[in-house]
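Below: the structure, in structure tokens.
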2 protein chains.
Amino acid sequence: MPRGATIPITVADLKTACSQCNLQELCLPVGLGNAEIEQLDALVGARRRVKRHQHLYRAGDTFEAIYAVRSGSFKTNVLFEDGRDQVTGFQMSGEILGLDGISTDQHTCDAEALEDSEVCVIPFSKLEELSRAVESLQHQFHKVMSREIVRDHSVMMLLGSMRAEERLAAFLLNLSQRFTARGFSAAEFHLRMTRDEIGSYLGLKLETVSRAFSRFQDQGLISVQQKHIRIIDIDGLKQLLGNHGGI
Amino acid sequence: MPRGATIPITVADLKTACSQCNLQELCLPVGLGNAEIEQLDALVGARRRVKRHQHLYRAGDTFEAIYAVRSGSFKTNVLFEDGRDQVTGFQMSGEILGLDGISTDQHTCDAEALEDSEVCVIPFSKLEELSRAVESLQHQFHKVMSREIVRDHSVMMLLGSMRAEERLAAFLLNLSQRFTARGFSAAEFHLRMTRDEIGSYLGLKLETVSRAFSRFQDQGLISVQQKHIRIIDIDGLKQLLGNHGGI
DNA sequence: CGACTGCTTGATGCCCGTCAATATCCGTGG
DNA sequence: CCACGGATATTGACGGGCATCAAGCAGTCG
């Protein structure tokens, strides 16, 4: 695992571990008491910066740690022998990366930064050790994994039985909700990913994504300018999800 | 597989908990020592029979336990407001059901038996308790969850970037491999699910599934008779996966 | 500014969904 | 035992949604 460089950890860095982090409510420490969060601090010492287009890990890398996104955002990508690939998720601050590696002690996908980002490195063996001692941490970690499974199921639903515009509407609504949870505007945001990456995630070609954006704009649902999105009629988007393309 | 009757649990039944179970190698006890498996026995006391078309749990049910399939098979199903649904997986013996419920203490999908089946009930709070004490159990459980995530990713790949025949070939190869792991023939087996259920899982309509089966048969790759499948040219099926439908 | 990457938009074609008819299997009851 | 009905599967005809191919536009960075 290329670690970029062993960036020396300063005391100031350590002080801003979980107990001081403003992402507590979204991240691994959810539901933990203060004493327990301080135990997490000891575990989550190291940070790692990942520049845009750099990989946090790649498929095949040996698995040693999971990562919490502290700032920035990532995509995860599974590869196929013949060169095809598929984006399996976009992760933003407070979300956990790397859970796929536990299964075989090797990562099974690539994780790439969509912008200059920073993650907290959580050595997995230490996390297991601590979660044997701290019941609430154990349970919270299990919830994080379970939530990932539930999310994957809803993506399967999306890919398996929605049409193009429904998929894109669901995608926008999901982004909007996640931005809201982070204190950003629900209606106006910047896409960090390209049309091609959105398309890969949604099982569509980039032209189809682009066309759907334009259609939404024509219908007065959103306003699009390249990567800048403004949601004008959020209920309209939600309605789009309800019907099979009918009414 | 209907086992006759005797719903009351006899001593003999209890004796056939994990330590005596021939699914050890496929199920939760993988990698555990004898002493540890016997600890699991205490936990996995109860069995539950589920008849064909009955539900093991439904979306919305409060989550209390996960389940290991002991005999028979299941499908899991996510529902959508407007009536659409999507099969998210088929589970056979040794595989774990119910992990989706950890996230919110409610199940988020339905689990339905495809044939008369039996599961081992594993109360989740007890599992967490024991896995705080038994490191190898803890790790094995994490692997089970991670494996589910990895599996979901490969389904996303399938749904997002494969064409109909590739999806069905991948499905057949996956089934074949799982039957092999259970000591059954890799080449000849009985489908427990309908064309419609296969189609839902693969993001296709049942007619498309049926046509793809027929095409495979015409090409000499398999022989199909309703639910009975015989794989004739397994390498041919594998090749189908490699190309985008080309060569 | 020019090369490049990413986005938009149009024209065309094909894969798969839809609709429909028929065939086959299976359980039930006469 | 066979007849019957419902669920499941197969097969055909047709159309639509999205992919593909292609051209032009917009923003970015050395």
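Below, all heavy atoms of this structure are taken into account, side chains as well, without hydrogens, waters or symmetry copies. Per chain, numbering begins at 1; letters A, B, ... match sequence-line order.
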Without decimals, in angstroms, what is the distance between [X] [atom1] and [N] [atom2]?
X: E115(B); N: dC26(C); atom1: CD; atom2: P; result: 15 Å
X: I198(B); N: dC16(C); atom1: CD1; atom2: P; result: 16 Å
X: L204(B); N: dT18(C); atom1: CG; atom2: P; result: 12 Å
X: H228(A); N: dA26(D); atom1: NE2; atom2: P; result: 19 Å
X: E197(B); N: dA7(D); atom1: CD; atom2: P; result: 14 Å
X: R215(B); N: dA9(D); atom1: CZ; atom2: C1'; result: 17 Å
X: K205(B); N: dA9(D); atom1: NZ; atom2: P; result: 15 Å
X: R163(B); N: dC16(C); atom1: CZ; atom2: C1'; result: 10 Å

In plain terms, say whether E81(B) and K238(A) are close enough for a salt bridge, that is, a side-chain N and a carboxylate O under 4.0 Å apart.
no

Check this for me, if you would: do R182(A) and E95(A) make a salt bridge, where the nitrogen-to-carboxylate-oxygen distance has to be below 4.0 angstrom?
yes

Ignoring hydrogens and geometry, is there a side-chain-to-backbone donor-acceptor pair from [X] to [Y] under 3.5 Å?
X: S176(B); Y: A186(B); answer: yes
X: S93(B); Y: S71(B); answer: no
X: R167(A); Y: L202(A); answer: yes

I'd like to know whether the aromatic ring centres of Y201(B) and F90(B) sit less than 6.0 Å apart in this structure.
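When the ring centroids of Y201(B) and F90(B) are compared, they turn out to be within the sub-6.0 Å range.
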
Note down the inter-axis angle between the two ends of the helix from dC1(C)-dG30(D) to dG30(C)-dC1(D), five pairs each, to the nearest 10°.
40°

Can you tell me how far OG of S200(A) sits from NZ of K205(A), rounded to the nearest 0.5 angstrom?
8.5 Å

Just the table, please: protein N/O against nucleotides 6-10 of chain C N/O, every pair under 3.5 Å.
unit_1  : atom_1 : unit_2  : atom_2 : d
dC7(C)  : OP1    : K227(A) : NZ     : 3.3
dC7(C)  : OP2    : R195(A) : N      : 3.0
dT8(C)  : OP1    : R195(A) : NH2    : 3.2
dT8(C)  : OP2    : R195(A) : NE     : 2.7
dT8(C)  : OP2    : R195(A) : NH2    : 3.4
dT8(C)  : OP2    : S210(A) : OG     : 2.8
dT8(C)  : O5'    : S210(A) : OG     : 3.2
dT9(C)  : OP2    : S214(A) : OG     : 2.4
dG10(C) : N7     : R211(A) : NH1    : 2.8
dG10(C) : O6     : R211(A) : NH2    : 3.1

Applied to residues 210-230 of chain A, the salt bridge (charged side-chain N to carboxylate O under 4.0 Å, His left out) test, sequence neighbours excluded, yields E165(A)-R215(A)

Parallel, tilted or perpendicular: which fits the ring planes of H107(A) and Y57(A), with parallel below 30° and perpendicular above 60°?
parallel

Remember a base hit wins even if backbone is also touched, and classify G199(A) as base, sugar-phosphate or nothing at under 4.0 Å, heavy atoms.
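Contact class for G199(A): none.
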
